[in-house]
*Asks:* 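I'd like to ask you about the structure that follows.
Each ligand, and each atom within it, is numbered from 1 in the order the structure gives.
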Amino acid sequence: MKPAILLIGNNGQVGRELNSMLPQVGDVQSLGREQLDLSKPEEIRRAIRTFRPNLIVNAAAYTAVDKAETEQDLARAVNAVAPAVMAEEAKKIGALLVHYSTDYVFDGTKTSPYAEQDPTNPKNVYGKTKLEGELAIQQSGASNLIFRTAWVYASEGRNFLLTILRLATQREELKIVCDQTGAPTASSEIASATTKILSQLFGELNASSLEDARGIFHMTAGGATTWFGFTQAILNHARKIDVSVPWFATATNGRPLIVRNVVPIPAIEYPTPASRPGYSVLSNERLNRTFSVRLPDWRTQLNSIFANS
Ligand SMILES: NC(=O)c1ccc[n+]([C@@H]2O[C@H](COP(=O)([O-])OP(=O)(O)OC[C@H]3O[C@@H](n4cnc5c(N)ncnc54)[C@H](OP(=O)(O)O)[C@@H]3O)[C@@H](O)[C@H]2O)c1
């Protein structure tokens with residue numbers, strides 16, 4: 001049976017990619033902010049009751065990490081209350097809820113990759129509200145898959161890659177944090193992994209061995225780097241790319257790169273409203289063991305963005 005899929009948040013980095021890939025799995029109805037405002041629980045209930053999907057995929061979230069410190073109520077409404085309502089409605093109709101969470105549920109005090117069951121301790125409002133969303137889904141009794149990902153970027157949207165490219169056209173020197181370590185993950189890889197997993201779960205060979213494959217899974221690129229390392233890799237590619245490539249021309253506003261120097265600095269020298277973990281590398285072993293899905297190394301993912309231009 002082809003599942004009826006309700007994709008919530010089709011305009012974000014992950015949502016856009018899911019919107020083009022999920023039709024491989026089932027019949028997709030997708031809703032953006034214009035059709036469904038997640039700060040309004042009644043709208044969420046109405047949408048789910050109207051579509052009665054077999055599968056709900058929530059790619060929307062309040063992702064402005066620094067702004068969340070001063071917009072706690074809105075961040076909580078979108079990241080905690082909305083997923084709780086989705087889960088409640090999913091349970092009523094027996095739908096599977098697929099949701100995304102973040103490496104920022106951890107405090108970064110570990111020095112080796114975090115496993116799913118490691119203790120959480122978010123350092124900022126965004127991480128706290130995302131954790132509340134996870135817990136609400138798990139406590140709802142709805143069938144669920146929660147994919148924790150990290151440092152998401154794409155060739156469009158709001159992300160670190162595009163910020164660095166813009167700044168590289170405006171400044172000769174960039175000071176970049178070198179003591180926060182994570183795994184930059186392309187949204188296309190998250191959507192592709194999600195699609196593969198859902199194809200397994202809803203495919204013809206629907207393995208009964210996967211019926212219990214529910215709960216939290218880490219889903220990030222392989223390897224790890226710092227924001228400084230990521231910046232150096234981005235600029236290496238940027239110096240070689242054909243500048244007329246449309247997404248690159250948009251990112252740089254058609255201006256040449258003038259950056260000469262990238263200076264590594266500790267986070268303490270770049271104060272932000274939200275504090276961030278110093279180390280938030282996630283172990284993807286459970287994902288690999290359960291679904292035989294492994295996302296490429298972060299360097300390979302970055303290569304692909306610049307190569308598929
Ligand atoms: N971005 C990261 O670095 C990162 C890191 C770790 C985990 N994650 C998680 O990965 C998932 C996907 O993130 P992403 O990077 O694709 O996020 P994104 O690009 O920021 O997209 C988020 C989407 O949510 C929508 N949204 C926000 N508030 C809404 C509201 N009140 N009603 C309806 N829609 C609303 C936004 O709508 P508009 O387009 O109208 O603004 C946007 O389309 C999220 O669960 C996020 O928490 C992201």
*Asks:* Any idea which part of Leu36 is under 4.0 Å from ligand 1, heavy-atom wise: side chain, backbone, both or neither?
*Replies:*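 Under 4.0 Å from ligand 1, Leu36 contributes backbone atoms alone.
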
*Asks:* Hey, is the main chain of Ala183 close enough, under 3.5 Å, to the side chain of Thr185 for a donor-acceptor pair?
*Replies:*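 At least one qualifying donor-acceptor pair exists.
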
*Asks:* Near Lys130, which atoms of ligand 1 are under 4.0 Å from a heavy atom of that residue?
*Replies:*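 By the 4.0 Å cutoff, the relevant atoms are 44 (C), 45 (O), 46 (C), 47 (O).
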
*Asks:* Would you mind telling me if ligand 1 is within reach of the side chain of Phe147, the backbone, both or neither, using heavy atoms under 4.0 Å?
*Replies:*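 Phe147 to ligand 1: no contact under 4.0 Å from either part.
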
*Asks:* Which heavy-atom pair separates Ala221 from Gln301 by the least distance, and what is that distance?
*Replies:*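 Minimum heavy-atom contact is CB-NE2, 3.3 Å.
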
*Asks:* Just wondering, do Val25 and Leu201 contact through their side chains at under 4.5 Å, heavy atoms?
*Replies:*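 Leu201 does not reach Val25 side chain to side chain.
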
*Asks:* Taking atom 47 (O) of ligand 1 as the point of reference, which of Tyr126, Tyr100, Tyr104 owns the nearest heavy atom?
*Replies:*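 Residue with the shortest heavy-atom distance to the ligand atom: Tyr126.
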
*Asks:* Between Ala59 and ligand 1, which residue portion shows a heavy-atom distance shorter than 4.0 Å: side chain, backbone, both, or neither?
*Replies:*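 Just the backbone.
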
*Asks:* So that I know where these two stand, are Phe160 and Trp227 an aromatic pair - ring centroids less than 6.0 Å apart?
*Replies:*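 Yes: the rings meet the under 6.0 Å criterion.
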
*Asks:* Check whether any heavy atom of Gly9 sits under 4.0 Å from an atom of ligand 1.
*Replies:*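 Gly9 does not count as a contact of ligand 1 under the 4.0 Å cut-off.
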
*Asks:* Between Val14 and ligand 1, find which residue part has any heavy-atom pair under 4.0 Å and reply side chain, backbone, both or neither.
*Replies:*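 Both of them.
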
*Asks:* Can we call the ring centroids of Phe230 and Tyr153 under 6.0 Å apart?
*Replies:*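 Under 6.0 Å, so yes.
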
*Asks:* Counting heavy atoms only, which part of Val78 comes closer than 4.0 Å to ligand 1: side chain, backbone, both or neither?
*Replies:*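 Near ligand 1, Val78 shows its side chain, while the N, CA, C and O stay back.
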
*Asks:* Counting each atom of ligand 1 from 1 as listed, which ones have a heavy atom of Asp37 under 4.0 Å away?
*Replies:*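 Taking each heavy atom of Asp37 in turn, ligand 1 has 30 (C), 31 (N), 32 (N) under 4.0 Å.
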
*Asks:* Polar-atom distance check: Arg33 versus ligand 1, any N or O pair below 3.5 Å?
*Replies:*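 Such a contact does occur with ligand 1.
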
*Asks:* Consider every N or O of Glu34 and every N or O of ligand 1, then say whether any pair is closer than 3.5 Å.
*Replies:*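 Glu34 vs ligand 1: no N/O contact under 3.5 Å.
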
*Asks:* Can an N or O of Ala150 be found at a distance shorter than 3.5 Å from an N or O of ligand 1?
*Replies:*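 For ligand 1, there is no N or O atom that lies under 3.5 Å from one belonging to Ala150.
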
*Asks:* For ligand 1, is there an atom lying under 4.0 Å from some heavy atom of Phe160?
*Replies:*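 The answer is no: ligand 1 sits nowhere under 4.0 Å from a heavy atom of Phe160.
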
*Asks:* Is the number of heavy atoms from other residues, nucleotides or ligands under 6.0 Å of Arg171 CZ greater than 12?
*Replies:*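 No, because the 6.0 Å sphere around CZ of Arg171 holds 12 heavy atoms or fewer from other groups.
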
*Asks:* How about Lys110: does its NZ atom have over 12 heavy atoms from other parts shown lying under 6.0 Å from it?
*Replies:*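 More than 12 within 6.0 Å, yes.
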
*Asks:* May I ask you to test the Lys40-Val85 pair for a side-chain heavy-atom distance under 4.5 Å?
*Replies:*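 No, side chains not in contact.
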
*Asks:* Are Leu162 and Leu235 linked, directly or through other ILVMFWY residues, by side chains that come within less than 4.5 angstrom of each other?
*Replies:*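 Both belong to a single hydrophobic cluster.
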
*Asks:* Does Ser101 have a non-hydrogen atom less than 4.0 Å from ligand 1?
*Replies:*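 It does; at least one heavy atom falls under 4.0 Å.
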
*Asks:* Check each atom of ligand 1 against the heavy atoms of Trp151 and keep those under 4.0 Å away; list them by number with element.
*Replies:*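 Result: 3 (O), 5 (C).
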
*Asks:* Do any nitrogen or oxygen atoms of Thr102 lie less than 3.5 angstrom from nitrogen or oxygen atoms of ligand 1?
*Replies:*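 No, no N or O pair falls under 3.5 Å.
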
*Asks:* For atom 17 (O) of ligand 1, which protein heavy atom lies nearest, and how many Å away is it?
*Replies:*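 Here the closest protein heavy atom is Thr63 CG2, 3.5 Å.
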
*Asks:* Could you tell me whether some N/O pair between Tyr62 and ligand 1 is separated by less than 3.5 angstrom?
*Replies:*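 No: no nitrogen or oxygen of Tyr62 is under 3.5 Å from one in ligand 1.
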
*Asks:* Minimum heavy-atom separation for Thr169 to Arg255, with atom names?
*Replies:*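 Of all heavy-atom pairs spanning Thr169 and Arg255, the closest is CG2-O, 3.7 Å.
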
*Asks:* Would Asn303 and His237 count as having a side-chain donor-acceptor pair, cut-off 3.5 Å?
*Replies:*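 Distance-only check passes for Asn303 and His237.
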
*Asks:* With only distance considered, is Ala60 within less than 3.5 Å of ligand 1 through an N or O on each side?
*Replies:*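 N/O-N/O distance below 3.5 Å does not exist for this pair.
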
